[in-house]
Amino acid sequence: MSVRVLDESVGKIVLIKLKGGKVIRGNLQGFDQHMNLLLEQSEEVGDEGKTTSLGTIVVRGDNVVIISPPRTGNQ
Amino acid sequence: MSVRVLDESVGKIVLIKLKGGKVIRGNLQGFDQHMNLLLEQSEEVGDEGKTTSLGTIVVRGDNVVIISPPRTGNQ
Amino acid sequence: MSVRVLDESVGKIVLIKLKGGKVIRGNLQGFDQHMNLLLEQSEEVGDEGKTTSLGTIVVRGDNVVIISPPRTGNQ
Amino acid sequence: MSVRVLDESVGKIVLIKLKGGKVIRGNLQGFDQHMNLLLEQSEEVGDEGKTTSLGTIVVRGDNVVIISPPRTGNQ
Amino acid sequence: MSVRVLDESVGKIVLIKLKGGKVIRGNLQGFDQHMNLLLEQSEEVGDEGKTTSLGTIVVRGDNVVIISPPRTGNQ
Amino acid sequence: MSVRVLDESVGKIVLIKLKGGKVIRGNLQGFDQHMNLLLEQSEEVGDEGKTTSLGTIVVRGDNVVIISPPRTGNQ
Amino acid sequence: MSVRVLDESVGKIVLIKLKGGKVIRGNLQGFDQHMNLLLEQSEEVGDEGKTTSLGTIVVRGDNVVIISPPRTGNQ
């Protein structure tokens, strides 16, 4: 079920919260069963909304706390 | 047994406590054997009951401490 | 041997100590090989014995430090 | 070799040191390959030797640092 | 998908963020399924951009948070 | 290779450094693939060389950082 | 690829950075797939380059962050 949601999020902007509090936003290009993530046009989102561009990144899944898929119309 | 309770909680509001103290409430849409969770209409519940909307999220199971299924009539 | 004790504790009140110091008391409904626990009528037990009702909860096993089964007559 | 020592300690008083510094003494009733332990008549041993009775407990193995089997005559 | 990106990054400069905050830049020579990395001409990048040469290093994968492949033309 | 060195250290005094900084010295009686260790006549070695006798102990391998086998003549 | 570099480093001086910041230098004698390392003539390298001799040691792999093989001529 999580997988289906991640599948549907490929090609879309997702928000990632990491252990330690870092927040990253980026275009999800892929993922695997460990929740390793491939993001494009990603940026770190700071405390006051300030963003720092990260470009394409691979996030190692064991750092992930929460993945927010893009909001859809029926929410 | 835990699985049965989680199964019965799908489509209902659950409360999730994460390592580090974060508390999340949301409508459980799915879960897997790692306790990865899919929640809809989720919100983070702050110290004084203040909530922040999170929408649909995937929670990586290794962050979960406690899941509270919805309270039923016979408790 | 641990499993037998947990088996015999199903339907009884157990005390759970979690990593980080949280203490939970509840009626054990089930458990699995990871020590994931299903508790009913559970409550968090505070420092001075103050309790906060938690109702039915699933505890993810990797947070568990100690499980105290109910005391029996021969102790 | 560790297993043999633990086997020989069943029915005897062992001292357990846990991550975080907690020390527990109790009568070892059983253990498994994860070092999950079943102790009876256990007690937590405080900094100045003060003990708090815990009764029968299951200790989740991943919290264990050191197990001291009972001292035998040839030590 | 992550693998393909890492494959394409071999022979190129990547930026690695480690748990604890250390940042390393180096020429990726290889990697495996644990995200163990082999970097050449690597350097640690300090807070103010100051770099310390590390030469060839093996990074154990469980320390990795983020890998930034080289930026390509179409970003 | 590590195994051979540990094999050759059985029956000899080894020094063990644990996560968190604890240092233990004892006569290695056995070990397994997790680096669970069985030590006899062990003692904890304090900051200023002060030792506290621990007798026979089992050390759970995941706490181990470094094992120093006995020094041999050709070092 | 990492393995090949470690293979080529056997018999040579490597620098090891551990979780928590400890730095160790020694002659690599062997390693396994967990990055458990066998070092001879090893020494801990302190903050100001002060070294403390450790002799032969086994390092448990899960503590390793970075391994620096010896620098070769073509770097």
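So that the names make sense, note that chain A is the first sequence line, chain B the second, and so on, each numbered from 1. FYI, side chains are in, hydrogens and waters are out, and symmetry mates aren't considered; it's all heavy atoms of this structure.
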- prompt: Is there side-chain contact between D/L15 and D/V23, with at least one heavy-atom pair below 4.5 Å?
  reply: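 Side chain of D/L15 against side chain of D/V23, heavy atoms only: contact under 4.5 Å found.
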
field: Under 4.5 Å from any heavy atom of chain C - which part of D/L18
entry: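 The side chain, not the backbone.
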
Smallest separation among heavy atoms of D/I57 and D/L54, with atom names: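 So the minimum-distance heavy-atom pair works out to CG2-O, 3.6 Å.
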
message: I need the minimum non-hydrogen distance between D/R25 and D/T51, along with the two atoms involved.
response: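 Closest pair (atom of D/R25, atom of D/T51, distance): NH1-CG2, 4.1 Å.
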
query: For chain D, which of C/V65, C/V64, C/I66 has the most heavy-atom pairs under 4.5 Å?
result: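 So the answer, after comparing C/V65, C/V64, C/I66, is C/V65.
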
query: Which distance, rounded to the nearest 0.5 Å, do you find between the CD1 of C/I16 and the OG of C/S68?
result: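 Going from CD1 on C/I16 over to OG on C/S68, the span is 7.5 Å.
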
Max heavy-atom pair count under 4.5 Å with chain C, selected residue of D/K22, D/K19, D/R60: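 Among D/K22, D/K19, D/R60, the one with the most close pairs to chain C is D/R60.
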
